[in-house]
Amino acid sequence: MERPLILIANDDGINAPGIHVLAGIAQQLGDVYVVAPATAQSGMSSAMTVNTPLRIQEHANSAEPGVRYFSVTGTPVDCIKLAMHHILPRRPDMMLCGINHGSNAGNNLIYSGTMGAVMEACMVGIPAVGFSLMHHSMAADFSRAVPYIEKISRAVIEKGLPEGVCLNVNFPAKVEIEGLKVARSARSHWTEEYREYTDPAGHPFYWLTGKQINEEPDATDTDLYWLGKNYATIVPVTPDQTNTAIIPTIAETICNQQ
């Protein structure tokens with residue numbers, strides 16, 4: 001029997017340590033193809049390249065024997081699309097993304113290139129999971145997260161996921177992880193998002209910064225609440241953002257307006 005085929009992507013780029021840790025875990029479960037951006041693409045959400053040619057390069061790999069590595073000169077979503085149409089030998093049985101260097105909890109889900117790739121795979125029916133560690137350093141220690149990634153990945157490859165559902169998994173950093181909690185994304189926002197500087201010519205420029213604010217810190221069913229208590233969190237996500245419950249109200253308010 002064929003071993004499962006696993007596609008791995010990220011938004012931190014082909015050289016990010018997190019993706020190599022994830023590939024090492026995944027090769028225990030199946031044959032692995034890594035297709036990642038050639039350069040860092042954080043914050044790209046579901047963006048795809050429209051007016052620029054894309055190029056694919058295969059990379060030599062000695063760290064994880066049997067894992068094939070490819071880079072794409074585009075976004076995480078470009079990686080999924082090109083993997084499906086031009087790189088993979090067949091349809092993958094599972095898609096994993098990460099391990100992201102930095103949090104994708106709360107409203108970060110909307111901006112995340114990691115989760116953009118996951119949702120792209122989900123939309124074509126592939127069980128997909130995004131993994132993120134709440135530590136931006138390229139020297140981040142992923143070791144405490146590894147047993148949980150193994151557990152989640154094995155469960156998904158063996159049992160699949162409900163149609164139209166993918167998973168956003170986040171891990172606290174620099175602590176002993178207390179366990180896993182399935183939660184919802186906390187309502188949150190960013191404050192002081194840009195810092196102003198002045199270049200040598202006296203012209204202002206701006207650098208992304210800021211702090212994430214949990215708008216419901218006492219809600220015990222959110223990812224930010226449990227991450228703050230040193231638990232890893234799993235948030236089930238659907239790419240379909242239609243608010244079906246509100247359709248009758250909008251129809252009454254707008255379509256039946258006098």
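A side-chain contact (heavy atoms from CB on, under 4.5 Å) with L7 is found for exactly one of C79, P92, C97, namely P92.
A 6.0 Å sphere centred on CD of Q241 holds no more than 12 heavy atoms belonging to other residues, nucleotides or ligands. More than 12 heavy atoms of other residues, nucleotides or ligands lie within 6.0 Å of CZ in R91, so this atom counts as buried by the packing criterion. Within a 6.0 Å sphere centred on CD of Q28, other residues, nucleotides and ligands contribute more than 12 heavy atoms. Residue-environment remark: CE (M48) stays at or below the threshold of 12 foreign heavy atoms within 6.0 Å. Other residues, nucleotides and ligands contribute over 12 non-hydrogen atoms within 6.0 Å of the CZ atom of R184.
A donor-acceptor pair under 3.5 Å is absent between the side-chain atoms of N170 and the main chain of T233, judged by distance alone. Distance alone, capped at 3.5 Å, is enough to place a donor-acceptor pair between the D11 side chain and the T114 backbone. Put simply, the side chain of T75 gets close to the backbone of D78: a donor and an acceptor are under 3.5 Å apart. Within the 3.5 Å criterion, the main-chain N or O of I14 finds a donor-acceptor partner in the side chain of H20. A donor-acceptor distance shorter than 3.5 angstrom exists from the side chain of T73 to the backbone of R55, with no hydrogens or angles considered. S45 places a side-chain N or O within 3.5 Å of a backbone atom of I110 that can act as its donor or acceptor partner. Side-chain atoms of N10 do not come within 3.5 Å of backbone N or O of I19 as any donor-acceptor pair. Remark: side-chain polar atoms of T198 are not paired, donor with acceptor, to backbone N or O of H203 under 3.5 angstrom. Proximity of a side-chain donor or acceptor of R3 to a complementary backbone N or O of Q27 within less than 3.5 Å is detected. In this structure a side-chain-to-backbone donor-acceptor pair under 3.5 Å is present from D223 to A186.
Cluster membership check: L109 does not share its hydrophobic cluster with L96, using side-chain heavy-atom separations under 4.5 Å among Ile, Leu, Val, Met, Phe, Trp and Tyr. There is no path of hydrophobic side-chain contacts, each under 4.5 Å, that joins L167 to V118.
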Evaluate the criterion side chain to side chain contact (heavy atoms under 4.5 Å, CB included) for residue pair I149 and I99; output intermediate values, then yes/no. CA-CA 9 Å; I149 295 173; I99 307 167; 3.4 Å; yes
side-chain hydrogen bond (donor to acceptor under 3.5 Å, both in side chains) assessment of D240 paired with T238: CA-CA 5 Å; D240 181 1; T238 176; 5.6 Å; no
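For E193 and K211, the salt-bridge test fails: no basic side-chain N is under 4.0 Å from an acidic carboxylate O. Classification of R68 and E58 as a salt-bridged pair holds, one side-chain N sitting under 4.0 Å from a carboxylate O.
The aromatic rings of W226 and Y231 sit perpendicular, their planes meeting at an angle over 60°, well past the 30° parallel limit. Ring geometry for F142 versus H101: interplanar angle over 60°, hence perpendicular rather than tilted (30 to 60°).
Taken from CE in M134 to CG in L224, the straight-line distance is 6.5 Å, to the nearest 0.5 Å.
Between the side chains of N214 and S188, no donor-acceptor pair is found at a separation under 3.5 Å. Side-chain contact of T39 with Q41: a donor-acceptor pair under 3.5 Å is present, judged by distance alone. There is no side-chain donor-acceptor pair under 3.5 Å between N230 and E176.
In this structure, the side-chain contact (heavy atoms from CB on, under 4.5 Å) partners of L208, at least two apart in sequence or on a different chain, are Y194.
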